[in-house]
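Below is one structure; the comments refer to it alone.
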There are 2 protein chains.
Amino acid sequence: MSTQERRRRERETREQLFIQTAQDLIRREGLLHLQMSRLAEACDYATGTLYQHFSSKEDLLMAIATEDLKRRATAFEPIPGLPATSRERMLAVVLTDIDFISSHPDHFQLLQYVSTEVIWASASLERRQALVQAGAPISEVVSRVVADAIHAADLVGIPSLRPVEIAAGFWCLNTGMHTLAHTHGLLEAYAVRDPYALLIHHGHALLNGLGWQPLVDTGNTRAVIDEAERIRALLVRSANPESPAVTS
Amino acid sequence: MSTQERRRRERETREQLFIQTAQDLIRREGLLHLQMSRLAEACDYATGTLYQHFSSKEDLLMAIATEDLKRRATAFEPIPGLPATSRERMLAVVLTDIDFISSHPDHFQLLQYVSTEVIWASASLERRQALVQAGAPISEVVSRVVADAIHAADLVGIPSLRPVEIAAGFWCLNTGMHTLAHTHGLLEAYAVRDPYALLIHHGHALLNGLGWQPLVDTGNTRAVIDEAERIRALLVRSANPESPAVTS
DNA sequence: TCCGTAAAATGAATCAAGTTCAATTTTGCC
DNA sequence: GGCAAAATTGAACTTGATTCATTTTACGGA
């Protein structure tokens with residue numbers, strides 16, 4: 001019976017090896033040049049062994065995207081418990097996403113690619129479900145932040161809109177800006193200089209427009225930047241709970 | 001000399017035939033199943049002839065996306081001249097985009113696909129430039145709407161934000177909602193019922209948050225819907241300038 | 001009208017890469 | 001140590017995009 005278990009662990013370990021090596025290859029040579037045979041070789045396995053884990057190349061790509069998405073979701077977890085106002089927590093959502101995507105530039109592009117009809121349809125049902133599931137915790141966290149704000153009366157609930165639909169607005173703004181930032185030719189065409197500073201600005205505008213208290217003066221660029229840095233520090237602290245005493 | 005010109009026209013006609021037939025095939029059988037040889041056959045040409053026009057399959061896809069994008073851009077043209085308030089014109093931008101994407105469901109997915117690193121890198125420089133160029137008029141129109149609003153004092157300009165950067169916020173919201181609406185599994189995961197009603201709502205919230213006058217009470221769902229219908233009617237009228245007298 | 005040349009079109013052959021599977025090797029157990 | 005089952009291997013297969021030697025067509029001058 002322990003044999004069974006060890007086998008499963010070894011299999012899992014090897015799958016991680018394939019996924020991580022594939023990520024390395026993609027980082028190094030680009031998604032375009034990823035080849036199944038070369039990936040297998042890089043891992044010292046035969047090509048066929050790859051297909052013990054992934055039903056197709058698209059399946060593999062989706063597995064990579066899913067791994068990253070799980071890590072991305074983890075970054076959101078501490079937010080509902082953050083010692084801050086509900087509005088600051090919502091800003092924390094935006095900042096967390098910005099920072100994750102900024103430090104994982106390949107992730108967003110891969111996610112865009114596998115979300116494409118062509119790739120999506122070529123992957124197995126299990127992988128597709130796993131990808132959707134990996135993203136679900138994020139919308140749950142953000143919805144909770146919205147629900148908490150309504151509960152705290154920082155935000156007046158509108159009967160026709162559930163928390164998840166408010167959350168979706170920020171999802172759109174964020175995803176849209178990632179798209180703008182990562183799609184070739186777009187930043188240049190729009191002549192947008194600093195997409196993520198812009199995202200924070202529009203995020204505040206949307207928060208203000210929803211009447212999310214306390215309102216922020218978006219014209220005061222200094223204050224907006226300072227607040228973002230303050231929330232970032234809070235996020236860093238919550239990510240390393242055992243860090244030494246805070247210094248001012 | 002007329003021979004030269006006729007040749008060029010014939011060539012252009014044939015390219016359009018290829019592009020339109022390819023669109024038909026995609027609509028009928030999906031992007032996944034588009035094959036160069038079958039497209040050529042469907043047009044009664046040899047496979048090699050396709051490559052007189054498109055350097056690769058990706059090149060062809062980009063050409064299709066570009067054609068659609070040109071048509072999409074055309075839909076925005078009348079907006080700056082619309083007899084309406086600046087805020088209504090901005091709403092017209094959002095509605096025009098919603099309606100175009102709704103009636104061209106394949107367009108957005110194809111555009112997403114060709115914007116992908118993998119496909120982008122496989123297309124020729126000319127096609128990539130053409131795609132970017134085809135989208136530029138849209139951002140120009142929207143920027144003009146923003147600039148006009150500032151000029152009319154409906155919107156207080158912020159020194160650090162140029163009109164195009166305000167426009168980009170709406171681009172993000174729109175593109176994000178299209179993504180949410182068209183990406184498999186997302187609508188279900190977010191449990192969003194009517195993405196485009198939601199987009200209109202958040203669009204108003206963003207407008208309010210930017211202080212774009214006159215502010216709209218987003219809680220008044222009836223009024224929001226009615227206004228959208230009114231603007232849609234205005235758009236239809238401006239698209240068919242020779243239509244018979246308006247009936248109330 | 002006919003001819004020769006240049007341009008265009010053709011589609012079978014080539015190529016690349018993902019996928020399969022018969023043969024081989026390894027593993028776990030008696 | 002030996003055997004059956006499971007896992008691994010990598011060469012062969014498959015699919016479909018791309019090429020290019022050959023054929024056909026178009027054009028302009030005699």
Side-chain angles (χ1 to χ4, degrees), chain A residues 1-19 21-22 25-26 29-64 113-114 116 118-124 127, chain B residues 1-19 21-22 25-26 29-64 113-114 116 118-124 127:
Chain A
M1 44 189 133
S2 113
T3 294
Q4 283 278 309
E5 192 48 31
R6 178 179 52 90
R7 275 267 167 77
R8 235 164 56 78
R9 264 202 316 280
E10 284 175 357
R11 201 188 138 80
E12 179 56 28
T13 304
R14 193 171 63 180
E15 187 152 315
Q16 288 302 318
L17 171 68
F18 285 145
I19 289 176
T21 308
L25 285 176
I26 291 172
E29 312 181 0
L31 190 47
L32 185 60
H33 296 109
L34 183 69
Q35 277 174 238
M36 295 302 265
S37 54
R38 290 213 286 152
L39 170 59
E41 195 179 18
C43 298
D44 287 318
Y45 281 99
T47 312
T49 309
L50 267 179
Y51 287 83
Q52 297 280 332
H53 293 263
F54 312 105
S55 71
S56 67
K57 187 180 182 179
E58 287 75 21
D59 225 48
L60 163 67
L61 294 179
M62 204 155 277
I64 299 171
Y113 188 55
V114 301
T116 274
V118 174
I119 309 303
W120 186 267
S122 307
S124 67
R127 296 282 179 195
Chain B
M1 46 192 132
S2 114
T3 294
Q4 283 277 309
E5 192 47 32
R6 179 180 52 90
R7 274 269 168 76
R8 236 163 56 76
R9 263 203 315 279
E10 285 175 356
R11 200 188 138 81
E12 178 55 29
T13 303
R14 193 172 62 180
E15 188 153 315
Q16 288 302 319
L17 170 69
F18 286 145
I19 289 176
T21 308
L25 285 177
I26 291 172
E29 312 181 0
L31 190 48
L32 186 60
H33 296 110
L34 183 70
Q35 275 174 237
M36 296 302 266
S37 54
R38 291 213 285 153
L39 170 59
E41 195 179 16
C43 298
D44 288 318
Y45 280 100
T47 312
T49 309
L50 268 179
Y51 287 84
Q52 297 280 333
H53 293 263
F54 312 105
S55 71
S56 67
K57 186 179 181 179
E58 288 75 21
D59 225 49
L60 163 67
L61 294 179
M62 204 156 277
I64 300 171
Y113 188 55
V114 301
T116 274
V118 174
I119 309 303
W120 186 267
S122 307
S124 66
R127 295 284 178 193

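So you know, we letter chains A, B, ... as the sequences are listed, proteins then strands, and number each from 1.
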key: Ring-face cation contact, Tyr45(B) with Arg14(B), 6.0 Å cut, 45° max   = yes

key: Annotated protein contacts, base or backbone, on nucleotides 12-23 of chain D with a non-hydrogen cut-off under 4.0 Å, one of B, S, - each   = -----SBB----

ask   = Between dG11(C), dA6(D), dT9(D), which nucleotide gets closest to the side-chain atoms of Thr49(A)?
value = dT9(D)

query = Does a side-chain heavy-atom distance below 4.5 Å link Ile64(A) with Ile26(A)?
reply = yes

ask   = For the pair made of CG in Leu61(A) and P in dA17(C), what is the distance, rounded to whole Å?
value = 15 Å

key: Between C1' of dG11(C) and CG of Asp44(B), the distance in whole Å   = 14 Å

query = Counting side-chain heavy atoms from C-beta on, which of dG11(C), dT27(C), dA9(C) comes nearest to Gln52(B)?
reply = dA9(C)

query = Could you give the CG-to-P distance, from Leu32(A) to dG18(C), as a whole number of Å?
reply = 11 Å

ask   = What's the CZ-P distance between Arg8(B) and dA7(C), to the nearest Å?
value = 18 Å

For atom CZ of Arg38(B) and atom P of dG11(C), their distance in whole Å = 18 Å

ask   = Which is it for Glu15(B) and Arg9(B) under the salt bridge (Lys or Arg N to Asp or Glu O under 4.0 Å) test, yes or no, and what are the steps along the way?
value = CA-CA 10 Å; Glu15(B) 188 153 315; Arg9(B) 263 203 315 279; over 6 Å; no

message = Are the side chains of Thr47(A) and Leu39(A) in contact, using a 4.5 Å heavy-atom criterion?
response = no

request  = Ignoring backbone atoms, test whether Arg14(A) places a side-chain nitrogen or oxygen under 4.0 Å from the OP1 or OP2 oxygen of dT8(D).
outcome  = yes

task = Rounded to the nearest 0.5 Å, what's the gap from CG on Leu61(B) to CG on Leu34(B)? Could you check?
result = 6.5 Å

task = To the nearest Å, give me how far apart CZ (Arg7(A)) and P (dT26(C)) are.
result = 14 Å

ask   = Are the charged groups of Arg38(B) and Glu29(B) less than 4.0 angstrom apart, N to O?
value = yes

Gap between atoms CD and P, on Glu41(A) and dG18(C) respectively (whole Å) = 13 Å

remark   = Separation between CD (Glu12(A)) and NE2 (His53(A)), nearest 0.5 Å, reads 9.0 Å

message = Using whole Å, what does the distance between atom P of nucleotide dA17(C) and atom CG of Leu39(A) come to?
response = 15 Å

